[in-house]
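The next block holds one structure in the form of structure tokens; read it before the comments.
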Amino acid sequence: KEKVQDKRELKRLEQERKMKLFIRSDGSFRFWWDIGIIVATTYSVWKVPIKVAFEPEILNTSAMALIDSLIDFFYLMDVLVTFRTTYMDLLADEQVTDSYLIAKRYISSGNFFIDFLSSIPLDTITGVRVLNIVGLLKLFRYRKLADIIRTANAKTTYKVQMKLVFVCYQMILFMHITACLWYVFV
């Protein structure tokens, strides 16, 4: 019996040591990180269509360039954070802390490529202003909100409410993008 208890204790200590290297998907750091992602995403998906359609001077200031760079950096850091964030294995009812499985899940979901490509500031890297159309790639960041709702550690009723708010948000965002495109083409 003592050996069994020692093995359990060793396994528990090993799990605790492993968890220090990861970010728990249901932890407070991840919660606040997701709040930051929601704010950055909201800024991006509203600003990009306006910049593409109207090209207002206020969006070409150095202060706005700094904000855009910080948000791009934040999204690039989100790629790294996601590679270190555990997820819940529903069959085993435990947090997955295997780096390979976490990376495989993130890459195979397709989210990695969207997150990475939308984080690259092409105009800063190339030194020339790339077509604003390339900036539209940043609009795909909005789907991050759906991921946050899907993986939220909340009661079902709250998730349903969040999904309803998100659907309304998508409709308003679609109208915003449509209006900006209407201005460009008409």
Side-chain angles (χ1 to χ4, degrees), residues 1-46 48 68-122 125 136-171 173:
K1 275 188 170 181
E2 201 171 294
K3 285 186 178 182
V4 172
Q5 287 178 342
D6 287 342
K7 283 185 178 181
R8 285 185 193 152
E9 183 65 19
L10 284 173
K11 187 175 182 179
R12 187 186 65 76
L13 290 172
E14 179 66 22
Q15 283 285 48
E16 283 181 17
R17 186 186 66 75
K18 263 187 160 181
M19 285 307 291
K20 289 181 182 178
L21 303 173
F22 290 95
I23 299 165
R24 288 186 58 93
S25 60
D26 59 353
S28 63
F29 175 81
R30 187 62 201 205
F31 172 79
W32 289 108
W33 185 264
D34 287 343
I35 296 294
I37 289 292
I38 289 169
V39 170
T41 300
T42 302
Y43 168 81
S44 292
V45 299
W46 287 94
V48 168
D68 290 343
S69 295
L70 289 173
I71 287 178
D72 287 337
F73 179 73
F74 186 55
Y75 264 93
L76 208 50
M77 292 306 298
D78 184 56
V79 171
L80 299 176
V81 165
T82 304
F83 272 119
R84 300 308 300 165
T85 300
T86 63
Y87 67 91
M88 193 69 171
D89 182 357
L90 298 176
L91 296 176
D93 197 31
E94 64 183 31
Q95 294 279 330
V96 175
T97 57
D98 183 340
S99 297
Y100 174 76
L101 292 176
I102 293 171
K104 181 180 175 186
R105 180 176 191 238
Y106 183 37
I107 292 170
S108 66
S109 72
N111 292 340
F112 166 73
F113 299 106
I114 294 171
D115 290 348
F116 183 71
L117 291 175
S118 69
S119 299
I120 299 171
L122 293 174
I125 291 171
L136 291 176
L137 183 62
K138 294 177 192 258
L139 289 178
F140 286 106
R141 290 177 176 173
Y142 93 92
R143 58 110 198 103
K144 192 83 171 164
L145 301 176
D147 292 342
I148 290 171
I149 292 170
R150 184 178 45 78
T151 60
N153 188 17
K155 293 181 180 177
T156 306
T157 55
Y158 294 134
K159 278 190 169 185
V160 169
Q161 292 170 352
M162 287 189 286
K163 287 178 183 177
L164 285 172
V165 169
F166 181 66
V167 167
C168 293
Y169 178 80
Q170 282 181 305
M171 289 189 312
L173 178 62

Euclidean distance, [Y] [atom2] relative to [X] [atom1], rounded to 0.5 Å:
X	Y	atom1	atom2	answer
T151	D26	OG1	CG	10.5 Å
R143	N111	CZ	CG	4.0 Å
L117	F112	CG	CZ	8.0 Å
I23	S28	CD1	OG	11.0 Å
T82	I102	OG1	CD1	10.5 Å

Polar side-chain atom of [X] near backbone of [Y] as donor-acceptor pair, under 3.5 Å:
X	Y	value
R24	T86	no
R30	T85	no
T41	Y142	no
K159	A152	yes

With the side chain counted from C-beta on, respond yes when [X] and [Y] share a heavy-atom pair under 4.5 Å apart, and no when they do not.
X	Y	answer
V39	F74	no
L145	I38	yes
K144	I114	no
Y43	D68	yes
D115	F140	no
V48	R141	no

Heavy atoms of W33 and D78 approach each other most closely as NE1-OD1, 2.7 Å
Counting heavy atoms not belonging to [X], are there more than 12 under 6.0 Å from its [atom1]?
X	atom1	result
F29	CZ	yes
F116	CZ	no
F73	CZ	no

Take E94 and M88 through the side-chain contact (heavy atoms from CB on, under 4.5 Å) test and state the conclusion after the steps. CA-CA 6 Å; E94 64 183 31; M88 193 69 171; 5.5 Å; no
Between M162 and I148, is the side-chain contact (heavy atoms from CB on, under 4.5 Å) condition met? List the steps. CA-CA 10 Å; M162 287 189 286; I148 290 171; over 6 Å; no
Is any side-chain N of the basic residue among R150 and D147 closer than 4.0 Å to the acidic one's carboxylate O? yes
Could you go through I71 and S44, starting from their C-alpha distance and side-chain angles, then the distance that decides it, and tell me whether this counts as side-chain contact (heavy atoms from CB on, under 4.5 Å)? CA-CA 8 Å; I71 287 178; S44 292; 3.7 Å; yes
Step through it carefully: locate the ring centre of Y106, locate the ring centre of Y87, and say whether they are under 6.0 Å apart. no
